[in-house]
Protein chains: 2
Amino acid sequence: MRTSELADRAGVNTETLRYYERRGLLTEPPRTPGGYRDYPAASVGLLRFIKRAQELGFTLDEVEELLHLDNGGPDSCDAARALAEHRRDDLAARIRDLQRMHDSLADLVATCDLPRADRSCALLEAITDSAEGIR
Amino acid sequence: MRTSELADRAGVNTETLRYYERRGLLTEPPRTPGGYRDYPAASVGLLRFIKRAQELGFTLDEVEELLHLDNGGPDSCDAARALAEHRRDDLAARIRDLQRMHDSLADLVATCDLPRADRSCALLEAITDSAEGIR
DNA sequence: CTTGACTCCGTAGTTGGGTCCGGGGTTGAC
DNA sequence: GTCAACCCCGGACCCAACTACGGAGTCAAG
């Protein structure tokens with residue numbers, strides 16, 4: 001399969017394929033007599049694996065590690081699990097942070113409904129005050 | 001307070017202060033007769049607010065917007081409120097996205113405890129399978 | 001008055017993950 | 001046999017958010 005067909009099927013830019021090849025995520029495919037890349041059908045699944053892992057928050061370095069693990073034994077499974085648990089915990093921590101920020105922002109917005117002096121904005125004042133209060 | 005003192009207190013590089021100034025996040029502080037920047041004490045709190053917001057996933061553009069809610073940006077409290085509400089909703093959406101990623105990853109990790117063939121990794125297979133499932 | 005730490009400035013480099021450019025070669029349909 | 005569509009390649013460029021460089025000025029201590 002040629003470059004653009006693979007790119008289309010996997011939903012990526014053709015340049016991305018060359019980029020992944022440069023990075024070592026994709027091994028160099030065989031070439032046609034004319035010099036065109038000729039990808040095996042399995043490449044589609046590989047690319048989808050990469051994209052899926054990225055959606056889950058893995059960096060390309062981590063994806064590469066995962067791919068490398070794919071050929072190992074039970075040790076590799078443990079390593080993959082550790083990687084996944086790390087990403088999972090990262091995400092959980094990040095969600096907690098964002099939730100806190102969301103809640104404070106929601107609180108700030110709520111101050112808009114408080115009575116206030118004619119020319120002052122309770123929301124703006126509250127943001128200023130909360131900036132002061134940051135440890 | 002001079003550049004390095006502010007940088008130390010806020011836990012940033014001195015170059016970062018110049019960078020923020022160029023970006024308009026920090027207004028140009030007054031200068032000493034020798035031409036050195038002389039920051040007001042309030043800058044420490046401002047920088048900490050910026051850093052905290054960044055840790056929570058706000059881009060510097062967003063931080064700038066938040067800060068502009070305070071001084072002179074949109075004059076109307078209603079506009080400020082709309083901006084804050086927009087950020088709040090953005091945040092809620094981002095949390096939902098991350099939660100989805102987190103849950104998928106947690107599900108994947110759970111597959112590690114499933115019985116599996118000797119030399120296969122349920123996690124890696126599961127990522128592959130969920131990649132197949134993308135349209 | 002010298003030394004060394006600090007500051008100034010413009011500019012360039014870094015990282016991650018691509019994306020685009022432009023000059024050329026290859027294919028396949030008409 | 002010619003044309004468009006495709007592909008090749010190295011290298012430049014993009015974004016965000018810094019971080020580093022390096023030559024020159026400032027300042028306080030000794």
Side-chain angles (χ1 to χ4, degrees), chain A residues 1-40 43 46-67 83 86-87 90-91 94 97-98, chain B residues 1-40 43 46-67 87 90 94 97 101 131:
Chain A
M1 152 181 9
R2 278 182 307 179
T3 298
S4 65
E5 187 182 348
L6 175 56
D8 283 352
R9 287 217 217 172
V12 303
N13 192 301
T14 56
E15 298 289 343
T16 303
L17 297 180
R18 289 213 311 133
Y19 173 64
Y20 285 173
E21 195 176 304
R22 283 201 292 281
R23 280 196 63 124
L25 273 174
L26 296 177
T27 55
E28 278 194 59
R31 301 292 181 114
T32 65
Y36 288 7
R37 287 177 182 78
D38 185 23
Y39 292 98
S43 296
L46 180 54
L47 275 169
R48 287 187 181 161
F49 176 92
I50 294 170
K51 280 176 61 69
R52 174 66 177 154
Q54 276 188 297
E55 282 173 13
L56 294 174
F58 289 94
T59 65
L60 286 186
D61 278 347
E62 287 169 333
V63 172
E64 205 174 338
E65 211 173 332
L66 285 175
L67 291 176
L83 225 44
H86 182 70
R87 286 291 329 139
D90 264 10
L91 284 170
R94 192 161 163 68
D97 276 352
L98 289 181
Chain B
M1 140 181 24
R2 278 180 310 176
T3 298
S4 65
E5 188 182 348
L6 174 56
D8 284 351
R9 288 216 217 171
V12 303
N13 191 301
T14 55
E15 298 289 345
T16 304
L17 297 180
R18 287 212 313 131
Y19 172 65
Y20 285 175
E21 194 176 304
R22 283 201 293 282
R23 280 196 60 126
L25 271 175
L26 296 178
T27 54
E28 277 195 61
R31 302 293 182 113
T32 65
Y36 288 7
R37 288 174 182 79
D38 185 23
Y39 292 97
S43 297
L46 179 56
L47 276 170
R48 287 187 182 159
F49 175 84
I50 293 171
K51 277 179 62 68
R52 182 63 182 150
Q54 275 189 297
E55 283 169 14
L56 295 174
F58 286 95
T59 66
L60 286 187
D61 279 348
E62 287 170 333
V63 173
E64 202 175 339
E65 215 175 331
L66 284 175
L67 292 176
R87 286 297 153 231
D90 260 13
R94 188 146 37 171
D97 278 353
M101 290 182 208

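Here is how names work: the chains are called A, B, and so on, in the same order as the sequence lines, proteins then strands, and each is numbered from 1. Only this structure's heavy atoms are used, side chains among them; waters, hydrogens and symmetry mates stay out.
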Taking side chain to side chain contact (heavy atoms under 4.5 Å, CB included) as the test, write out the residues that go with A/Asn13, two or more places apart. A/Glu15, A/Thr16
Please examine the side chains of A/Ile50 and A/Leu60, heavy atoms only from C-beta on, and report whether any two atoms are closer than 4.5 Å. yes
Considering non-hydrogen atoms only, spot the tightest contact between B/Lys51 and B/Ala10 and give its length. CD-O, 3.2 Å
C/dC20 phosphate, OP1 or OP2: any side-chain N/O from A/Asn13 under 4.0 angstrom? yes
Sequence neighbours left out, what passes salt bridge (charged side-chain N to carboxylate O under 4.0 Å, His left out) with B/Asp90? Give chain and number order. B/Arg87
Among all residues two or more places apart in sequence or in another chain, which pass the side chain to side chain contact (heavy atoms under 4.5 Å, CB included) test with B/Glu5? B/Met1, B/Arg9
Non-neighbouring partners of B/Arg23 that pass salt bridge (charged side-chain N to carboxylate O under 4.0 Å, His left out), sequence neighbours left out: B/Asp61
From the candidates C/dT7, C/dG17, D/dC7, the one with an atom nearest any side-chain atom of A/Ser4 is D/dC7
Given atom CG of A/Leu6 and atom P of D/dC8, what is their separation to the nearest angstrom? 11 Å
Hey, what are the protein-to-nucleotides 22-24 of chain C N/O distances that come in under 3.5 Å?
none

Under a 4.0 Å heavy-atom cutoff, the residues of residues 17-25 of chain A touching DNA chain C are A/Tyr19, A/Tyr20, A/Arg22, A/Arg23
Looking for any heavy atom pair under 4.0 Å, which part of the strands does A/Thr14 touch: base, sugar-phosphate only, or nothing? nothing
Nearest heavy-atom approach of B/Glu21 to B/Pro29 is OE1-CD, 3.6 Å
Identify, with sequence neighbours excluded, every residue that meets side chain to side chain contact (heavy atoms under 4.5 Å, CB included) alongside A/Thr3. A/Thr14, A/Leu17, A/Arg37, A/Tyr39
Hey, does A/Val63 have a side-chain heavy atom less than 4.5 Å from the side chain of A/Tyr20? no
Check whether any side-chain nitrogen or oxygen of A/Gln54 sits under 4.0 Å from OP1 or OP2 of C/dG18, and answer yes or no. yes
Think A/Thr16 has a side-chain N or O under 4.0 angstrom from the OP1 or OP2 of C/dG17? no
Let me know the distance between CZ of A/Arg37 and P of C/dT27, rounded to the nearest Å. 15 Å
Might you work through the salt bridge (Lys or Arg N to Asp or Glu O under 4.0 Å) test for A/Glu55 and A/Arg52, ending with a clear yes or no? CA-CA 5 Å; A/Glu55 282 173 13; A/Arg52 174 66 177 154; 3.5 Å; yes
Check whether any side-chain N or O of B/Thr3 sits under 4.0 Å from OP1 or OP2 of C/dC6, and answer yes or no. no
Between A/Arg31 and D/dC9, is there a side-chain N or O to OP1/OP2 distance below 4.0 Å? yes
Mind calculating the distance between CG (B/Leu26) and C1' (D/dA17) to the nearest angstrom? 14 Å
Gap between atoms CG and P, on B/Leu60 and D/dT19 respectively (whole Å): 11 Å
Can you tell me how far CG of A/Leu91 sits from CG of B/Asp97, rounded to the nearest 0.5 angstrom? 11.0 Å
Which residues pass the salt bridge (charged side-chain N to carboxylate O under 4.0 Å, His left out) test with B/Arg2, not counting sequence neighbours? none
Expressed in angstrom and rounded to an integer, what is the separation of B/Glu5 atom CD from C/dT7 atom C1'? 14 Å
Nucleotides 26-30 of chain D: which of its N/O atoms have a protein N/O under 3.5 Å away?
residue : atom : partner : partner atom : Å
D/dT26  : O4'  : B/Tyr36 : OH           : 3.2
D/dT26  : O2   : B/Tyr36 : OH           : 3.1
D/dC27  : OP1  : B/Gly34 : N            : 3.4

A/Asp8 atom CG is separated from D/dC6 atom P, nearest whole Å, by 9 Å
